[in-house]
There are 2 protein chains.
Amino acid sequence: MTVEPINSRREELLRIAAGLFAQKGFKNTTVRDIADASGILSGSLYHHFDSKESMVDEILKTFQEELFGQYDEILAAADLDPLAKLERAVLVSFEAIDKHRDEVAIFQNEAAYLLTFDRFAYLAERNRQSREVWLTLLQNGIDAGVLRDDLDLELTYRFIRDTVWVAVSWYRPGGRRTHTEIAKQYLSILLEGIHHA
Amino acid sequence: MTVEPINSRREELLRIAAGLFAQKGFKNTTVRDIADASGILSGSLYHHFDSKESMVDEILKTFQEELFGQYDEILAAADLDPLAKLERAVLVSFEAIDKHRDEVAIFQNEAAYLLTFDRFAYLAERNRQSREVWLTLLQNGIDAGVLRDDLDLELTYRFIRDTVWVAVSWYRPGGRRTHTEIAKQYLSILLEGIHHA
DNA sequence: GTCTATACCTAGATAGAC
DNA sequence: GTCTATCTAGGTATAGAC
């Protein structure tokens, strides 16, 4: 006996829209595309949503609340040392790429464009927050003496951020390697380098 | 005394278009945007170019010929050992980000979309070629014993490719660090890792 | 080489019937 | 909750005057 959530149709439509936004881009996905993929006509979409913008807004907000909640937990975890926290943050990010591929791709590819609209100003705040998280993790590692202190912190942060999220452009679930395996190889390169010891 | 090339107006228009394509995306840049930025009306653009597609086509082709020419030189260089070749390829790539920021950004952000048109099929060929270059450089390093042999080659290739090119999203000439400084820090992380020795 | 004027199409969105 | 029908804006591209 399944309890049918009151908004299941709405969520289904958002799931379909997210797939298209991720694949073709927000601007390049028409409301007719979304309607076609959903088996209805474009006009009918407006019974569920105000606009195309509202759809992508809801998709991103829901996803980001979950992700940043996880980062907060890691930062607050009393039982993890700085290195373990950094590793955990990378693992959690790859988990997000696995579980919420469309949402990550939309945020990666469309944020710059969406930021030109007032209603998406909160995306800039999320970017700041993300920077805070990684910089804190790195600085704690340096202070504890486990991370190199001769590197430019800002560059290192960008290096990590970019390598993690850009993986969404090629990662596919069910591929040769699980997201955990990929995360571990990434961490190995990031921490130890590819130079032979 | 300057020799005015016969096509300078055409190149000027392409330069302006490239800036807009890089900043706003190909689809999201209208021919009216390009005309406005050039101080002419949209209809006048068609005196110089067949279509918007032709413009981006010419921008990408010109850039890629130069870049892949440089990679070929590195691969063929008899006086460089495997590690030096890898370093040189990274440096050349960051140089491209500095000198041809718009073109790199367009290739990074728009290739997936453009590939849906037949006329841009050559972009897939360039991707294959790029993969060949990095895989060869890495394999040569492993064979020579200077690079770790316990990593997934394909993942390592993607790691390098992504970290290098994604820098175009934040690098700005005249910033705190030159492209050469950035390339060297990147190489330091890539080769030695961020873990304290 | 650029402008004027415009054809033609596709986009997001709305109103009211069912 | 979906369909029919349609409005309006804005997009690419063209033709011919200047």
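Predicted model, so just to flag it, every value in this text is computed and none were measured.
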What integer distance in Å separates [X]:[atom1] from [N]:[atom2]?
{"X": "B:N28", "N": "C:dA11", "atom1": "CG", "atom2": "P", "value": "14 Å"}
{"X": "A:E53", "N": "C:dG12", "atom1": "CD", "atom2": "C1'", "value": "10 Å"}
{"X": "B:L20", "N": "D:dG11", "atom1": "CG", "atom2": "P", "value": "13 Å"}
{"X": "B:K27", "N": "C:dC9", "atom1": "NZ", "atom2": "C1'", "value": "12 Å"}
{"X": "B:L45", "N": "C:dT4", "atom1": "CG", "atom2": "P", "value": "15 Å"}
{"X": "A:D33", "N": "C:dG12", "atom1": "CG", "atom2": "C1'", "value": "12 Å"}
{"X": "A:I34", "N": "C:dT10", "atom1": "CD1", "atom2": "P", "value": "18 Å"}
{"X": "B:D36", "N": "C:dT2", "atom1": "CG", "atom2": "P", "value": "14 Å"}

How is A:T29 classified with respect to the nucleic acid when contacts are heavy atoms under 4.0 Å: base, sugar-phosphate, or nothing?
sugar-phosphate
With a non-hydrogen cut-off below 4.0 angstrom, is B:L41 in contact with a base, only sugar-phosphate, or nothing?
base
Please tell me if the side chains of A:W134 and A:L86 come closer than 4.5 Å, counting only heavy atoms from C-beta onward.
yes
Please examine the side chains of A:K99 and A:H179, heavy atoms only from C-beta on, and report whether any two atoms are closer than 4.5 Å.
no
Both B:I40 and A:S44 contact DNA chain C. Which one's nearest nucleotide lies toward the 5' end?
B:I40
Indicate whether OP1 or OP2 belonging to [N] is found under 4.0 Å from a side-chain N or O atom of [X].
{"X": "B:H47", "N": "C:dT2", "result": "no"}
{"X": "B:R9", "N": "C:dT2", "result": "yes"}
{"X": "B:Y46", "N": "D:dA13", "result": "yes"}

Whether the side chain of A:R148 engages the backbone of B:G193 through a donor-acceptor N/O pair (distance < 3.5 Å, no angle test) should be reported.
yes
Parallel, tilted or perpendicular, as decided by the 30° and 60° cut-offs, for the rings of A:Y122 and A:F120
tilted
Taking 4.0 angstrom as the limit, do B:E154 and B:R158 come out as a salt bridge?
yes
Return whichever of A:H48 or A:S42 has its heavy-atom-nearest nucleotide of DNA chain D closer to the 5' end.
A:H48
